There are 2 protein chains.
Amino acid sequence: MLDPGLFKALGDPTRITLLACLAKCGRPCAVGEIAQCCAVDLSVVSRHLRLLADAGVLDSSKSGRTVFYAVRAGPLAGALRRLADELERCCPADRRAPGSGRCCGSC
Amino acid sequence: MLDPGLFKALGDPTRITLLACLAKCGRPCAVGEIAQCCAVDLSVVSRHLRLLADAGVLDSSKSGRTVFYAVRAGPLAGALRRLADELERCCPADRRAPGSGRCCGSC
DNA sequence: TGCGTAGTTGCGTCATTGTGCAAATGCTAG
DNA sequence: CTAGCATTTGCACAATGACGCAACTACGCA
């Protein structure tokens, strides 16, 4: 559930810029288009987009020689909400008092 | 809104382990307690916990010479849900067709 | 078949970051 | 004041990751 992979993918400023650009656009965009959003090399953009796709954040589709990327908004939003639910389930508002010994038995 | 800082903080396996342990415990825990959750040095745990607190993930409180950390579940869950909402607002299900030119005008 | 465009990959470099050990700090108790 | 425990900080080292450039592949078009 708490997978560092997704967060790792979202933890880079350049990737966040690309993701924001793509989200704002709201449609599948080619690599070259997206690259105009930030000042880094096209090859860097290509690598970042693939990484985001591998992490499940983006969806990639090829048409001829151009590759389109789009935000997988639905699944991503679902994962974030599930995470939020699980967090609140684990840590209720009426919290137990601080204790000593082991933090939790299982880890 | 889309701040890489939070994701960066959550993007490390050791930090996720600590966070999961702390969430499962459901109460404020001392640094020494939490350190039993994973195999790294105590100093490393201390650094990770501070980093998570700086990112707004954890809450720290000092009592005597022991420092207690607890998950800020409410604010964190809220931030995740807001992010999910924004994502779905930006990228509706009936997506526009792929186009050419600039991805989006503003970035 | 030859050329131009779109994107990817290899490689070297540099900055960041995770880690452990040892020393230092902060606080409590005797 | 001294001893001792909980945590933090300094330092060095190794691993990771972002970046740019250049070479390469893949595809469409004349």
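Only heavy atoms go into these numbers, but all of them, side chains included; no hydrogens, no water, no symmetry mates. Only a predicted model underlies this, so the values are computations on that prediction, with no experimental measurement involved. So you know, we letter chains A, B, ... as the sequences are listed, proteins then strands, and number each from 1.
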Could you check how far CG of Leu49(A) sits from C1' of dA18(D), rounded to whole Å? 14 Å
How would you give the extent of chain A contacts on DNA chain C, as first and last nucleotide 5' to 3' within a 4.0 Å heavy-atom cut-off? dG4(C) to dC11(C)
Check side-chain hydrogen bond (donor to acceptor under 3.5 Å, both in side chains) between Asp3(A) and all other residues, then give those that pass, not counting sequence neighbours. none
Just the rounded figure in Å: distance from P of dA18(D) to CZ of Arg50(A). 15 Å
Step by step, work out the disulfide (SG to SG under 2.5 Å) result for Cys21(B) and Cys37(B). CA-CA 7 Å; Cys21(B) 175; Cys37(B) 290; 2.0 Å; yes
Can you list the residues that meet the side-chain contact (heavy atoms from CB on, under 4.5 Å) rule with Ala53(A), with sequence neighbours excluded? Leu58(A), Tyr69(A)
Whole angstrom is fine here: how far is it from CG in Leu10(A) over to P in dA18(D)? 12 Å
Can you check the Lys8(B) NZ to dT16(D) P distance for me, whole Å? 17 Å
How would you list, by chain and number, every residue that makes a side-chain hydrogen bond (donor to acceptor under 3.5 Å, both in side chains) with Asp54(A), sequence neighbours excluded? none
Quick one: what's the B/S/- string for nucleotides 19-30 of chain D, heavy-atom cutoff under 4.0 Å, read 5' to 3'? SBB-----BS--
Residue set satisfying side-chain contact (heavy atoms from CB on, under 4.5 Å) with Ala55(A), at least two apart, ordered chain then number -> Ala9(A), Val57(A)
Could you work out, with salt bridge (Lys or Arg N to Asp or Glu O under 4.0 Å) as the rule, every residue matching Arg81(B), not counting sequence neighbours? Asp85(A), Glu88(A)
Taking for each residue the nucleotide of DNA chain D with the nearest heavy atom, is it Leu51(A) or Ser46(B) whose nucleotide lies nearer the 5' end? Ser46(B)
Test of understanding: with side-chain hydrogen bond (donor to acceptor under 3.5 Å, both in side chains), list the residues that count as partners of Asp41(A), not counting sequence neighbours. Ser43(A)
Arg82(B) meets the side-chain contact (heavy atoms from CB on, under 4.5 Å) criterion, sequence neighbours left out, with Met1(B), Ala79(B)
